[in-house]
Undergrad: 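Please read through the structure below; I'll follow up with questions.
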Protein chains: 2
Amino acid sequence: MNTRDKIILIGDTLIRKRGYNAFSFSDISKELNIKNASIHYHFPTKTTLVIAVIQKHLMLLEKFKQNVTDENAIQKIIKFLSVYTIAKSEGKISVLGSLANDYFTFEPEVQTELKILTDNTLNWLTHTLKEGKRDGIFQYKMTDRNKALMIITNILGAEQLSRVTYQHDFHKIKENVIDDLTK
Amino acid sequence: MNTRDKIILIGDTLIRKRGYNAFSFSDISKELNIKNASIHYHFPTKTTLVIAVIQKHLMLLEKFKQNVTDENAIQKIIKFLSVYTIAKSEGKISVLGSLANDYFTFEPEVQTELKILTDNTLNWLTHTLKEGKRDGIFQYKMTDRNKALMIITNILGAEQLSRVTYQHDFHKIKENVIDDLTK
DNA sequence: ATTTGCCTACCTACTAGTAGGTATATATAT
DNA sequence: ATATATATACCTACTAGTAGGTAGGCAAAT
């Protein structure tokens, strides 16, 4: 892996473990054993780095969508949630959750990119729920987008809350989300 | 109001609007038109300030509990959720949500206080749900604590997500939580 | 006379970011 | 093949500004 990609990877981890405003370029440079100025060679500002991190996740989301296109709705949802579970087991919350928290401290460009990632995620979830309902796998009364909102907020909230309470709470919430959908 | 309480109030607002790691003592001193060092007179460290903020919310929670003791479960839940709605309309998320995000950047004492606030909130919610179920007002299959977890994560997640999407999403999620409980 | 609540004036450590230099590799022109 | 130019990826050394925090002084209230 080249240095640029390593910086993105470490930045991503720091954002999701500690938060955007709780890490500095020197955290990254120390881990890579290069100098602070060298990080600025690859990313002139912290803003350009966080945008690169968001764009990596936009790419990963597209890949994920393609990987699960042939599966049924319930399998899609289970795999979607397992992405958050795996990250959680490594002490990381989602970029979406972490950066949403710091939303008002960002420059407009970052806010725009984050909006795109959020909309993409929410749209995929909405569409997948609709598909599952059409196929008689899922039951719920509210609109598809509202159900998507309920599920995504359960996950984002669970990531946060289980930092304070117990890791186990995250898994309980995830199980409840799936049980509730399939009844 | 004395200066100490003003500092707590401004600190509280900054934490909930921008996050713990995105504000400094000078943000507070500028707003109060006093010097940076004077903040340190009241709160020797940033840690002591955030603890005072959490403890204020512990007090407010106790007051809230007392205020609603005579109401029925559904009214209790509605009033509980409206606390978050009012804050949201002022651009503030809950202390719980904001500080949970920065959990790993805190000293142990802060983590302990935050755990207490979280447990108190969760316990009250669990107890109120149980009460409503006993009285035939609420219907749900999972355990009381699990239901409490689902509701609180919906709210915490909604606070975050609606920063990125639309203010309106927060209200939709809140309505869904109440509708789902009462069916 | 002591406490309260602020002040001036400072400190150290760190932040993001810049200027300018260098070794190495690669591409191009002679 | 050799000289030259260019790009890459780092470096040292620096800047201006901010972070949290401290020492000691002073006026007013208790």
Side-chain angles (χ1 to χ4, degrees), chain A residues 1-54 56 98-99 101-111 113-114, chain B residues 1-54 56 98-99 101-111 113-114:
Chain A
M1 199 191 301
N2 63 32
T3 306
R4 193 193 139 90
D5 289 340
K6 281 183 195 164
I7 293 170
I8 293 176
L9 196 69
I10 296 170
D12 176 73
T13 302
L14 286 167
I15 286 169
R16 295 164 65 190
K17 281 191 177 174
R18 301 177 51 82
Y20 179 78
N21 292 311
F23 88 92
S24 71
F25 273 25
S26 82
D27 291 325
I28 299 176
S29 63
K30 275 170 198 159
E31 193 163 326
L32 284 178
N33 274 314
I34 58 175
K35 296 295 157 180
N36 204 48
S38 307
I39 313 289
H40 282 282
Y41 165 76
H42 296 281
F43 299 98
T45 64
K46 209 179 172 186
T47 292
T48 55
L49 173 57
V50 69
I51 286 175
V53 168
I54 297 172
K56 191 193 75 177
S98 176
L99 296 182
N101 198 269
D102 299 324
Y103 193 73
F104 298 129
T105 70
F106 292 139
E107 292 177 50
E109 320 135 67
V110 182
Q111 295 183 340
E113 287 300 312
L114 192 55
Chain B
M1 200 191 301
N2 63 33
T3 305
R4 192 192 140 89
D5 289 341
K6 282 181 194 164
I7 294 169
I8 293 176
L9 197 69
I10 296 169
D12 176 71
T13 302
L14 286 168
I15 286 169
R16 294 164 66 191
K17 281 189 177 174
R18 301 178 50 84
Y20 180 79
N21 291 311
F23 88 92
S24 71
F25 272 25
S26 83
D27 292 325
I28 300 176
S29 63
K30 274 169 197 159
E31 192 163 328
L32 284 177
N33 274 312
I34 59 175
K35 295 295 157 181
N36 204 48
S38 307
I39 313 289
H40 283 282
Y41 166 76
H42 295 283
F43 299 98
T45 64
K46 208 180 174 186
T47 292
T48 56
L49 173 57
V50 68
I51 287 174
V53 168
I54 297 172
K56 192 193 75 175
S98 176
L99 296 181
N101 198 270
D102 300 323
Y103 193 73
F104 298 130
T105 71
F106 292 138
E107 291 176 48
E109 320 135 68
V110 182
Q111 296 183 339
E113 287 300 313
L114 192 56

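The structure displayed is predicted, hence computed values, not measured ones. Here is how names work: the chains are called A, B, and so on, in the same order as the sequence lines, proteins then strands, and each is numbered from 1. We use all heavy atoms of the structure for the numbers below, so side chains are in, but hydrogens, waters and symmetry mates are not.
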Undergrad: Within the structure shown, what part of the strands sits under 4.0 Å from B:Lys46 by heavy-atom distance: base, sugar-phosphate, or nothing?
TA: sugar-phosphate
Undergrad: Measure CD1/B:Ile28 against P/C:dC6 and give the value in whole Å, please.
TA: 13 Å
Undergrad: Taking the side chain of A:Ile34 as its heavy atoms from C-beta onward, which of C:dA16, D:dA13, D:dC10 lies nearest to it?
TA: D:dC10
Undergrad: Given 3.5 Å as the limit, does a donor-acceptor pair link the side chain of B:Asp27 with the main chain of B:Ser24, or not?
TA: yes
Undergrad: For A:Phe23, report the nucleic acid contact type (base, sugar-phosphate, nothing); a contact means any heavy atom under 4.0 Å.
TA: sugar-phosphate
Undergrad: Would you tell me if any nitrogen or oxygen in the side chain of A:Ser26 comes within less than 4.0 Å of OP1 or OP2 on C:dA16?
TA: no
Undergrad: In this structure, how many angstroms lie between the C1' atom of D:dG21 and the CD1 atom of B:Ile7, rounded?
TA: 15 Å
Undergrad: Give A:Ser38 one of three labels, base, sugar-phosphate or nothing, depending on what nucleic acid heavy atoms sit under 4.0 Å from its own.
TA: base
Undergrad: If you draw the axis of the six-membered ring of B:Tyr41, does the NZ or CZ of B:Lys35 fall within 45° of it and under 6.0 Å from the ring centre?
TA: no
Undergrad: Just how far, in rounded Å, is C1' of D:dC11 from NE2 of A:His42?
TA: 12 Å
Undergrad: Of all heavy-atom pairs between B:Ala52 and B:Ile8, which one has the smallest distance, and what is that distance?
TA: CB-CD1, 4.0 Å
Undergrad: Whole angstroms only, please: what is the CG-P distance between A:Asn2 and C:dT24?
TA: 21 Å
Undergrad: Could you tell me whether B:Phe25 contacts a base, only the sugar-phosphate backbone, or nothing, with contacts defined as non-hydrogen atoms closer than 4.0 Å?
TA: sugar-phosphate
Undergrad: Can you tell me the distance, in whole Å, between the CG atom of B:Asn36 and the C1' atom of D:dA19?
TA: 9 Å
Undergrad: Figure out the NE2/P separation between B:His40 and C:dT12, and round it to whole Å.
TA: 16 Å
Undergrad: Any strand is fair game: report the nucleotide pairing with D:dT2 by Watson-Crick or G-U wobble, both distances under 3.5 Å, or none.
TA: C:dA29
Undergrad: Classify the ring geometry of A:Phe106 against A:Tyr20: parallel below 30°, tilted from 30° to 60°, perpendicular beyond 60°.
TA: perpendicular
Undergrad: In this structure, how many angstroms lie between the C1' atom of D:dA19 and the CD1 atom of B:Ile39, rounded?
TA: 14 Å
Undergrad: For A:Tyr41 and D:dC10, is the shortest distance between a side-chain N/O and OP1 or OP2 below 4.0 Å?
TA: no
Undergrad: Less than 4.0 angstrom between a side-chain N/O of A:Thr45 and OP1 or OP2 of C:dA16, yes or no?
TA: no
Undergrad: In whole angstroms, how far is the P atom of C:dT22 from the NZ atom of A:Lys35?
TA: 18 Å
Undergrad: Does A:Val53 offer a backbone N or O that forms a donor-acceptor pair with the side chain of A:Asp12 under 3.5 Å?
TA: no
